[in-house]
Amino acid sequence: MIDRIKVLEEISQELEPIASKRSHWNSAVQDYADNFLDDFNLHNTYVVSETMGKEIYDFPIEEEGKSIEEVLKCLNDNVDTPNLNPASGGHFGYIPGGGVFTTALGDYLAAVTNRYAGIFFACPGGVRMENMLLRWMCNMVGYPATALGNLTSGGSIANLSAITTARDAKGIKAKDIERCVIYMTKQLHHCVQKSFRIAGMRECIIRYIPMDDSFRMKDRKLHEQILKDKGNNLLPFMVFGSAGTTDTGSIDPLESIGIIAKENDLWFHVDAAYGGFFMLSEKLKPAFKGVELSDSIAIDPHKGLFLSYGIGAILIKDTEALYQTHHYTANYMQDAFTLDEDPSPADLSPELTKHFRGLRMWISLQLFGVAPFRAALEEKIALCQYFYKEVQKLGFEVGPEPDLSIAIFRYVPKTGNVNAFNQNIVDQIMKDGRLFLSSTTLDGEYWIRFAVLSFRTHLEQVQLALQLLKKLV
Ligand SMILES: *Cc1c(COP(=O)(O)O)cnc(C)c1O
């Protein structure tokens, strides 16, 4: 038995590389990262590829390990080259990604130390760090000091947590679901409808409230609909406001929705996944007036705080409600539960074992300070306003004046199909590859979207976009 253990030990010890091997791997990875970052402007935003990463299948997982050089080459060729490069400042599609470098430092340290920040007992400092970040965001949105929340993998999960919590807090049982009514506009992010299915509430009634010309909810219509539903013995339950819609960046009238929700005992949730961090700017904050009246908010540091993908947050006023939906105990956990000074993420989330995702956000805010984030956000708004003005001079038609950093526009040619003409513009820009734009359909019309949110997007990229558009029309 002992002999067998020793043989296995020798092989398994490969999992603990010696210092020289670590150093070799570290420097190869660092070189790769440096190349990626230093070549940034040379990188295209979109690379049309023949193989579409298919050769990853020719690089099988085997008994023996491979060299770091081979592995990084495979990664570069198949993953980091083809198609969309969300780290590029030329990315104006969807909601552009971020990827500030400090995210990598935080993740590296979180992975090396592998601290478990799910339960206070195991890593009180890590739990306090995550709670401190949540309170920092709660303070930004105007929630009271008793509010908290949870760092999630993204906005979709944050919205899901809000929905399950609201369901339980309002005492909705399976038998009630067919009478439950939820209120939103058609511009609300689709992850909400998805979450209702996941939350077992597929049968609830969705009321799409009409919008004004700027794609904002008409509050009077909301009020009328709630009263009508109450009169029909239905259960108005939850209302959603957008603080920055994905299509046009529109902000719903949060204050009046908040007042209507309160009067009618509805849970008010704000989806601020894209727009939330613009509240860091005192100049932009007035646009979000009333957000503090909400019961819960979804916000994405991997969007508005430019962190790499994998961090969102739910902020909630009634921490106890979040706890009631998410906590559970088990015999094998009996040592882990003490009377905690700070709530544990595991009690406020569907997750137990989790990525210590707070570290990437904390280290970024600590190293940079808030000022450059705030400046970058104000810069994005200004760039979008500049584009909105300039693109009209090129003869493009535009949508509503942007509330935040997303504009929609299209060209109406003298003859021919308008939608096809604009679709062709998007295709040509994709083929060129230096920039990436995406489109949407609003009231049956094709619109090109111009979404500015990458911290790497500056005047240079916006001017290039205008130049390309000028050439194309
Ligand atoms: C991106 C986004 C979501 C979804 O968040 P993920 O982080 O992608 O899961 C939800 N709502 C809005 C408004 C968004 O922009």
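First listed ligand is number 1; within each ligand, the first listed atom is number 1.
For a threshold of 3.5 Å applied to N or O pairs, the pair formed by H302 and ligand 1 contains at least one separation below that value. Taking distance alone, with nitrogen or oxygen atoms compared against 3.5 Å, N159 stays at or beyond that limit from ligand 1.
Within the listing of ligand 1, atoms 15 (O) sit less than 4.0 angstrom from a heavy atom of I95. Near G155, the atoms of ligand 1 lying under 4.0 angstrom from a non-hydrogen atom of the residue are 5 (O), 6 (P), 7 (O), 9 (O). Those atoms of ligand 1 with a heavy atom of T246 less than 4.0 angstrom away are 12 (C), 13 (C), 14 (C), 15 (O). Close approach to G244 involves these atoms of ligand 1, each under 4.0 Å from a residue heavy atom: 13 (C). Per-residue contacts place S156 under 4.0 angstrom from the following atoms of ligand 1 (heavy atoms of the residue considered): 4 (C), 5 (O), 6 (P), 9 (O). With ligand atoms numbered from 1 in the order given, ligand 1 contributes 5 (O), 6 (P), 7 (O) to contacts under 4.0 Å with heavy atoms of D300. Close approach of ligand 1 to D271 (heavy-atom distance below 4.0 Å) involves ligand atoms 10 (C), 11 (N), 12 (C), 13 (C). Using a 4.0 Å cut-off to heavy atoms of A273, the atoms of ligand 1 that qualify are 2 (C), 3 (C), 10 (C), 11 (N), 12 (C), 14 (C).
Checked against the 6.0 Å centroid threshold, F387 and F409 count as a close aromatic pair. In this structure, the ring of F421 has its center less than 6.0 angstrom from the ring center of Y411. Aromatic ring centres of F436 and Y94: separated by under 6.0 Å.
By the criterion of a heavy-atom distance under 4.0 Å, the side chain of C191, and not its backbone, is placed next to ligand 1.
Heavy-atom contacts from other residues, nucleotides or ligands closer than 6.0 Å to CD of E178 number 12 or fewer. More than 12 heavy atoms of other residues, nucleotides or ligands sit less than 6.0 Å from atom CG of D34.
The existence of a salt bridge linking D107 and R357 is excluded, since no basic side-chain nitrogen approaches an acidic carboxylate oxygen closer than 4.0 Å. Between D295 and K317, no side-chain nitrogen of the basic residue sits less than 4.0 Å from a carboxylate oxygen of the acidic one, so the salt-bridge criterion is not met.
Given atom 1 (C) of ligand 1, the protein heavy atom at minimum distance is K303 NZ, 1.2 Å.
A 4.5 Å side-chain heavy-atom check between K303 and L453 finds at least one atom pair inside the cut-off.
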